[in-house]
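Presented below is the structure to which this report refers.
The chains referred to below are lettered A, B, ... by the order of the sequence lines, with proteins before strands, and numbering in each begins at 1. Keep in mind that what you see is a predicted model, and the values were worked out from it rather than measured.
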Protein chains: 2
Amino acid sequence: MTKNDPLQIQDFLPYLLNRAAETTSLDFQKTYKDRYGMLRTEWRVLFHLGRYGGLTAKQICSMADLHKTKVSRAVSALERQRFLVRTEVPTDRRNELLSLTKQGQAAFDHLQQEATRYNENLLTTFTAEEQEILRRCLKKMARIP
Amino acid sequence: MTKNDPLQIQDFLPYLLNRAAETTSLDFQKTYKDRYGMLRTEWRVLFHLGRYGGLTAKQICSMADLHKTKVSRAVSALERQRFLVRTEVPTDRRNELLSLTKQGQAAFDHLQQEATRYNENLLTTFTAEEQEILRRCLKKMARIP
DNA sequence: CATTGATAGTTACAAATGCAACAAATACCG
DNA sequence: CGGTATTTGTTGCATTTGTAACTATCAATG
């Protein structure tokens, strides 16, 4: 690709990233949508709570780079389905500590396994070096430290 | 990462891909949203038309991996803003050939330049080898031939 | 050609999202 | 203290999206 060739769409990274993200997300969605009735954001919140334990909505917002309204609604949905509970933090009653119920933990355990399997399966087509580079480049573009 | 370590969220590719896709898409959106009043799908359709000339909605669907309703609405919006026109195909009046107006072509020319610049800027942090691997891995995951 | 089936594209309705305004609690500062 | 500003989280409303049903045209088959 010389500098003056017109840009191919498949070389435009936001486009490529969106397509890869959609393809893989829709694939993996099969794992949780029907069985647990979760949306993508809910799965993402569940994953954070399962992986990192009790968190406040604010913490999830910044860790997952999600807007607070999206998190607020995902938390409500997960609460409604009894996957998590809120507990007041007495020292600052603006915060609510979110933690998984037994049922939420079970769902997380299962989905984490599936996620691991999906991920490993996806990565098998790449060499170790490619995996390493891919991860590093994606993190940089997503501005994840 | 040994096989039995729990999966880190930042190593789960659908998650990483979504974050990178959102970050870069929102960045680049600054270029077209205010100035041309386009949404992401509309920019995507415009890009395809500008890059590959007259196409039918169906062709755009399969090339861009977009659902036909999304394309239909994007086309209507682009038409309303006089970025494209539809012309009947006499041999099969179900098809409509979509082509850019002068104004649409001008917007495309400008945005393609911006896209190239944005892309090159994003890629400068990577080595040539990394760029190559990144592109290849993303295409494979997006199932782009 | 008449009937049935397929294809291109649109539309109606429900669900999800983004944005701004909001309420409640706390922090800051005279 | 008392008032203003910040922070955490929710809600209302407009916009966008997904799904399914729909229209219009064409193809295939008897």
In this structure, how many angstroms lie between the [atom2] atom of [N] and the [atom1] atom of [X], rounded?
X        : N       : atom1 : atom2 : value
His67(A) : dG9(D)  : NE2   : C1'   : 11 Å
Lys68(A) : dG18(C) : NZ    : C1'   : 13 Å
Leu66(B) : dA8(C)  : CG    : P     : 16 Å
Met63(A) : dT8(D)  : CE    : P     : 15 Å
Arg93(B) : dA6(C)  : CZ    : P     : 22 Å
Asn95(B) : dA27(D) : CG    : C1'   : 14 Å
Asp92(B) : dA6(C)  : CG    : P     : 17 Å
Ile60(B) : dA8(C)  : CD1   : P     : 13 Å

[options]: which one has an atom nearest the side-chain heavy atoms of [X]?
X        : options                   : result
Lys33(A) : dT19(D), dG9(D), dT10(C)  : dT19(D)
Ser72(B) : dT10(C), dC26(D), dC13(D) : dT10(C)
Lys58(B) : dA20(D), dT25(D), dG9(C)  : dG9(C)
Thr41(A) : dG9(C), dT19(D), dT17(C)  : dT17(C)
Arg86(A) : dC26(D), dT17(C), dG9(D)  : dG9(D)
Arg94(A) : dA25(C), dA8(C), dT25(D)  : dA25(C)
Glu96(A) : dT17(D), dT10(D), dA25(C) : dT10(D)
Leu39(B) : dA8(C), dT25(D), dT17(D)  : dT17(D)

So Phe28(B) and Trp43(B), ring-ring contact (aromatic ring centres under 6.0 Å, His included) or not? Walk me through it. CA-CA 11 Å; Phe28(B) 186 70; Trp43(B) 151 237; 5.4 Å; yes
Determine, for Arg136(A) against Glu130(B), whether the closest basic-nitrogen to carboxylate-oxygen distance falls under 4.0 angstrom. yes
Can you tell me whether the side chain of Arg73(B) and the base of dG9(C) have a donor-acceptor pair closer than 3.5 Å? no
Checking all strands, does Ser76(A) fall into the base, sugar-phosphate, or nothing category for heavy-atom contacts under 4.0 angstrom? nothing
Over 12 non-hydrogen atoms of neighbours within 6.0 angstrom of NZ in Lys139(B): yes
Tell me whether the centres of the aromatic rings in Tyr36(A) and His110(A) are closer together than 6.0 Å. yes
Do the ring centers of Tyr15(B) and His48(A) come within less than 6.0 Å of each other? yes
Sorted by position of nearest nucleotide on DNA chain C, 5' first, the leading residue of Cys61(B) and Glu22(B) is Cys61(B)
